Structures are given as structure tokens and as C-alpha cells.
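The block underneath contains the structure these notes are about, expressed in C-alpha cells.
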Amino acid sequence: MLEYGAAKSYAILRRKDERVILHFDYDCFYASVFEAENPALKSLPLAVQQKQIIVTCNYEARRRGLHKLQLITEARRICPEAVIVLGEDLTRFRDASKLLYTLLRTLSSSERAEKLGFDEVWLDVTSLIDENLTLLNKNDLANSFFQLSLTDPTLGFPFDATVYAGSVFPKDNDSSLADLAPSEQTLQMRLLLGSHLANYLRLQLEEQHGYTSTVGISTTKLVSKLVGNLNKPKGQTTLIPPYEQDEQHESNITRFLDTHDIGKIPGIGFKLAQRLREFVLNRPATFDAGLVYGGTKENVTVGQVRQLPGLSADLLAKVLAGPGTPHDVGVKVLGLLNGIDPTEVSQARTVPRQISIEDSYLRLDTMKELMEQLQSLSARLVERMRIDLTETLDSSTNEAVSTGEKWKWLAHPPTLRLTTRPRAPLNEDGTRQRSFKRISRSAPTPSFIFSQTGLVEVLAERLVKEALLPLFKKLHERSGWNLSLLNVAVTGMVDEGKGGPGRDIGSMFRAAEGSKKELDQQDPFNACPPDEDDLEPEYEEALEQQEFSTWEEQEEDTEEMEYRCPRCGVPVPTFARVAHERFHSYK
DNA sequence: ACGAAATAG
DNA sequence: CGTTCTATTTCGT
């Protein structure tokens, strides 16, 4: 954790490129979901509509002049033969997103798999890459085999380790491997392995579920996400070394980032970009309204900011200061400009942190209409909670029989929140404020909404009366409200039944991929494996799930062939492999 | 803990 | 660029 050299008032940035991170972006995701449901659509121009706009369209439609955020009327005029489907119900997208995410997480055995929206996933595949680095036969790199599993050496794919899979940046790569410093050569090999893993995973997404994707491969979330954009759709790009700048080489990271508009950098949003542009251009804020699609705008690049004389974290902190700005923006942004991003790919969660349902209105100013809308939003919220926060109980288990319950809550959100956006709030003096800001109030979540017997509609009605109306009164004590938005949310969910390591399927994978160094330091003479009776109850469930999710691809191999643990050499029967791995992973 | 703000798809 | 409907993180209190 030494990305930033320690210093009081200024920070010295240091590269740290010890990870391999893949960033997946599913191509025109919404359109692909409809194509997966109905493959006949693949050859047709297909667009997905929400309200009055095309939110995305397939590449056949793009060839005919359709594009994102296009008005339906315009789309119809330009391409009357286009198939336009409604995509306002997000359920199918949420389901497809989960399916693909599960495949990526399972195949890469990655503890760290982070979703952004429905169509992006980061994988930190460092452990898997480093394992495979040690398995390479340097005398026959062209005929390498990438092992996806520590326990099953046959699970994986052959590949040619003398070349990258897919595209690289920079293309005109003139520096040969031998020119690079040893650390850069290692990085080169790790990224090369990453490119082949990415290629394999893209193939699996397409073969198993029919989705094409675009991938970026590098050492940080920042760069992996940006570099993927160079070859889309259905492509992948690896940002190749050198990453570190020295006398002979310019850093490819800097070379790549410097041409980007400042606002294109993830983490530099609208506000920060505006302040940076203003600072570089040395003139008051530039307007940002009224731009036509594809129109020009003030272009300030990462390179322009990065190369400003006297630039420091302190200077950036002063430039970027404002209400709500994080205190470490200076260091963070200076890092981003230099392609340094220590942000970890976060662990897979079993439940989201919050669920919210909202709707917007042209006018909402009567109590009757308010009650109806709160009722509708509440019902949708309870439905979503039952989908996203529960796990269906197997009717054959004891638990279901003893409790008579149909499902188990995976989380109990402690907080209920009501948010509104007043359209023209009336002050005491009768003047009008123009604001699109949201205001909210929250309260403890009433426990009755976790009822398994209550009808959604009934629970929703009670939620409105007992919890939401009091919150609404807190928000709008004075009369004369007129709302343009209502939002009802439950927040603060934490993964339950996940008290410590080894208590969920995710950490089983994590354990199985734990760092090689640690595993090698285990005492090889320890007795193993432990009796199944000694395992925690969660083990059985985890074993079943793991078998299902990682071993189902094997077509044969149902024979009892003897398998010896690669760590300690003891024979381990198939059914006990997970337990055995676990034994090694925890001291 | 609560409410707002910033960022992102 | 905007908007809509989300979701996450972080700030100040």
C-alpha cells in the first residue's frame, strides 16, 4: 500500500503495477439481451427504446445511421425498417447481467469481481496469472496451457505465450522485449497471460450465452477501463510496457492517457473537469449548455494538465476545492493524470447496498395523487426486496420444513428513505426557488415488510401509512408542495451469513486462489484432509455449489481416478477436494 | 446516524 | 450536451 510516497503537504507518486486487471464491457448490452432472447434479431437493425429515445442499438442499426440517445421520430425517419423494442422494464437486463457476471467470476476464480452498472465488470486476476506464470515452460512458450483451476490441471485452454492475444497499445511497438528492464519484462509476461485469459473469457461469454464484449487489460481499474475503448466492439486491447518512464523510454501509460480529454477520466466528473478546464484556460467558467450532438467543446487534455509547470497535489487541491470535494482530491487527481490508481477491485457482494425505486412527474401536488404514487413505488420496492434480498429455500431441507418459510432474507436493510425533488418550492414570502436538488428523510425500516405471508400490496399500504407519510410530513411541513420526483429506498444492506472467511461460496474461491507464497509456506507434513464432520455446516452447501459452478463443464471425468494434492501429495477423493483446498488455505 | 453531493452507467 | 432511473462513495454535521 505504498502507492503514494509519504509526505506531509505534497505527495510523491509511485507506480505500482503488481496487479493484472481486466475490464469487460458487453457490446451494446440492452440490444444484445434482446438478441440473445431472439437470435433472429441479430441480422436486423435493432434499437431499444425508453421513453422517447433510443437508449442503445445494435451495430447493424448503427451502420444505417441510428445512434444512442436519438429521438424515436428521427430514428424512424432515418431507418424505417429498424426493429424498435421497448426496454423500460429492466428485469431482463438485470438477469442477463447477473448471468454473465457469474460466469466471469466463476471461470476466473476471482475473489475480486466488481460490477459497474449492468454491462461492465472488472476482474482482478492477479493470483491466477501469477500461478500460471510459474507454470510456463520457457523452452516451449508457443505451446502453453493456461490452468483455470488449481485442483484440476485439465481445466483450462492451450495458448501461444509468444504473442499477445488481441490488440495492443501502442500498435507501433518498436521496443523489443530485450530492451526493457527486468521488471518491465515480467510485467509484459503477466499482461500477455492476462490477454489470453481475457480472450478465453470473451469466447466463453459468446459461446455459452451469445454475448460479445470488449475488454481492456492493464494493471489498474483506471487504465483497463480506458484502454478497452480502443478496439470495440468484440475486441480487446492490452496496454503494453514500458509503464515506468526512464531515460530511454516514455511510459506507455502516459503516452496513452495524455491525449484524453480531462473529463473522460473515470473519477473526474463534470465538476472537477470544469474546474480543471477553467484553470488551464485561465478564464472564467465556460458554458456547457446548448451543445448539439457531436458538437465541439472546450478540449483540455490530461497531458495539458499533467505538464503544467509547478503542478502538485497541493496545487490541484486548491484548484479543485469546493463544497463536497474530498480532501484528498489533489493526490487522487494527480495520480489519475499519471495513470496511478490504487483503487482495489471490490469483492463480490451477495446483495446490493441499497435498493431504490423512483418516478418523475410533470406535476404532483395533490394528496390523492401522492398516496397513489407512494403506494405504487412501495409495492415495487417490496417486490424488488423479495427478488434481490432473498434466497429461495429448497423445500427438501430441514429448514424449510421446520420454519414453513419459502425463503430466507439475505439482508435486512436497517434504513428506509424517502426522497423528493420539489419543483417550485414556495418560500414563506411567497417567492419561488428554482432548484432540481433532492431532499430526503430517513427512518428505521419497519420490520413488517420482511413478512413472508403478507401480500405485497398490503405491506405497501402499511408502509405508506406508518412510515412514508410521517417522513413526507418531515420533508414538507408547509403546504404548497409540488414535486417532480419521488424516490423510496431501503439502504444499509450488509451481506448476512458471511460473518468470517470461509462462510460463503465467494470466500471458498478466494481461499482456493490465495497467494502462492502463503500456500507454499504451509507445512507440507500436516495431516490432511480433515474429516468432513469437522467442517462447519456451511461447507456442505458450499461444496454443492462449487461442484455445480466450476465442475459442470467437465464432460467426462466421472470415473474415480486417483487425484493427488499438488501441495502435499496426498491422494484426495473428488468429493473432498474443496475441503482439502480449504485445509491448505487456512492455518 | 443522517442528509447532501459528486460520480457513474 | 441534456434527461431518467438507478447505485456507490464520501463529506460535514
Side-chain angles (χ1 to χ4, degrees), chain A residues 23-26 28-30 48-56 67-71 87-91 93-94 97 114-122 221-222 225-226 229 261 263-275 286-299 320-329 332-333 336 343-344 346-347 349 351-362 377 380-381 384 388 413-421 435-445 471 474-475 484-494:
Chain A
H23 175 265
F24 286 78
D25 190 335
Y26 313 133
C28 42
F29 181 59
Y30 283 12
V48 181
Q49 171 184 8
Q50 279 176 354
K51 301 287 161 96
Q52 281 313 300
I53 54 170
I54 302 290
V55 289
T56 194
H67 57 80
K68 288 178 179 174
L69 309 188
Q70 194 171 35
L71 283 170
E88 285 169 8
D89 180 355
L90 305 184
T91 310
F93 308 133
R94 196 152 37 225
S97 178
E114 181 177 344
K115 249 163 62 111
L116 182 56
F118 286 158
D119 68 337
E120 293 181 34
V121 175
W122 278 281
K221 285 175 71 178
L222 169 75
K225 174 170 168 125
L226 287 175
N229 292 328
D261 183 275
K264 290 281 166 56
I265 303 303
I268 301 183
F270 180 75
K271 297 265 188 182
L272 295 185
Q274 280 297 90
R275 287 173 196 153
T286 38
F287 40 86
D288 38 57
L291 287 185
V292 199
Y293 178 86
T296 58
K297 67 169 181 181
E298 299 277 10
N299 228 47
L320 299 174
T325 23
H327 279 136
D328 57 350
V329 264
K332 272 191 183 157
V333 169
L336 293 176
T343 319
E344 298 252 345
S346 65
Q347 280 189 205
R349 293 183 57 90
V351 294
R353 290 195 196 282
Q354 86 178 42
I355 297 174
S356 78
I357 307 286
E358 71 184 38
D359 209 344
S360 54
Y361 312 92
L362 289 174
L377 294 172
R380 285 162 64 194
L381 181 67
R384 272 287 302 282
D388 290 357
T415 309
L416 176 75
R417 188 183 63 212
L418 176 68
T419 304
T420 68
R421 191 178 61 192
S435 163
F436 283 82
K437 286 187 166 51
R438 293 172 174 223
I439 50 176
S440 67
R441 291 294 181 273
S442 50
T445 305
L471 288 176
K474 268 210 234 175
L475 278 167
S484 63
L485 177 136
L486 278 178
N487 176 304
V488 184
V490 283
T491 73
M493 284 89 87
V494 290

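Chain letters run A, B, ... following the sequence lines, proteins first and then strands; every chain starts at 1. Values reported hereafter were calculated over all heavy atoms of this structure, with side chains retained and with hydrogens, waters and symmetry mates removed. Since the structure is predicted, the reported quantities are computational estimates derived from the model, not experimental observations.
Listed pair A/Thr415 / B/dA1 fails the phosphate criterion, with no side-chain N or O lying under 4.0 Å from OP1 or OP2. Contact annotation: A/Arg384 reaches the phosphate of C/dA7 (side-chain N/O to OP1 or OP2, under 4.0 Å).
Counting any heavy atom pair closer than 4.0 Å across all strands shown, A/Leu485 reaches no nucleic acid atom. Residue contacts for A/Gln50: at a heavy-atom cut-off of 4.0 Å it reaches no nucleic acid atom on any strand shown. Residue A/Leu486 is out of contact with every strand shown, counting any heavy-atom pair closer than 4.0 Å. Note on A/Leu90: nothing from the nucleic acid sits closer than 4.0 angstrom, heavy atoms only. Across all strands shown, A/Gly117 has no heavy atoms under 4.0 Å from either base or sugar-phosphate atoms.
The nearest whole Å value for the distance from the CG atom in A/Leu272 to the C1' atom in B/dA8 is 13 Å. Atom P of nucleotide C/dC5 and atom CG of A/Asp119 are separated by 19 Å, given to the nearest angstrom. Going from atom CZ of A/Arg380 over to atom P of C/dT4 covers 15 Å, rounded to whole Å. In this entry the distance linking CD1 of A/Ile357 with C1' of C/dA7 reads 12 Å, nearest Å. When rounded to the nearest whole Å, the span between CG of A/Asp25 and C1' of B/dA8 equals 13 Å. Atom CZ in A/Arg417 sits about 11 Å away from atom C1' in C/dT8, given to the nearest Å. Here B/dG9 presents its C1' atom at 11 Å from NZ of A/Lys115, a figure rounded to the nearest Å. Computed from coordinates, the A/Phe118 CZ to C/dC5 P distance equals 14 Å when rounded to whole Å.
Side-chain proximity of A/Ser360 to B/dA5, B/dT7, C/dT4: nearest is C/dT4. Checked against B/dT7, B/dA8, C/dT8, the side chain of A/Pro352 finds its nearest nucleotide in C/dT8. In the set B/dA8, C/dC11, C/dT4, C/dT4 carries the atom at the smallest distance from any side-chain atom of A/Arg421. Taking the side chain of A/Ser440 as heavy atoms from C-beta on, and the options C/dT6, B/dG3, B/dG9, the nearest nucleotide is B/dG3. Checking C/dT6, B/dG3, C/dT9 against the side-chain heavy atoms of A/Ser442 singles out B/dG3 as nearest. Of the candidates B/dG9, C/dG2, C/dC5, C/dC5 carries the atom nearest the A/Lys51 side chain, counting heavy atoms from C-beta on. Distances were taken from every side-chain heavy atom of A/Lys225 (C-beta onward) to each of C/dT10, B/dA8, C/dT4; the shortest belongs to B/dA8. For A/Glu358, the listed nucleotide lying nearest its side chain is C/dC5; candidates were B/dG9, C/dC5, C/dT8. The side chain of A/Glu120 sits closest to B/dG9 out of C/dA7, C/dG2, B/dG9.
Between the side chain of A/Ser442 and the backbone N or O of A/Arg417 there is no donor-acceptor pair closer than 3.5 Å. Checked by atom type and distance alone, the side chain of A/Ser484 pairs as donor or acceptor with a backbone atom of A/Arg421 at under 3.5 Å.
The salt bridge (Lys or Arg N to Asp or Glu O under 4.0 Å) search around A/Asp328 returns A/Lys332, not counting sequence neighbours. Residues meeting the ring-ring contact (aromatic ring centres under 6.0 Å, His included) test with A/Tyr30, sequence neighbours left out: A/Phe93.
The pair A/Lys221-A/Glu120 fails the salt-bridge criterion, with no side-chain N (NZ, NE, NH1 or NH2) lying under 4.0 Å from an Asp/Glu carboxylate O.
Where A/Val351 and A/Ile53 each meet DNA chain C at their nearest nucleotide, the meeting point lying more 5' is that of A/Ile53.
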From CA spacing to verdict: side-chain contact (heavy atoms from CB on, under 4.5 Å), A/Arg438, A/Glu358: CA-CA 12 Å; A/Arg438 293 172 174 223; A/Glu358 71 184 38; 3.0 Å; yes

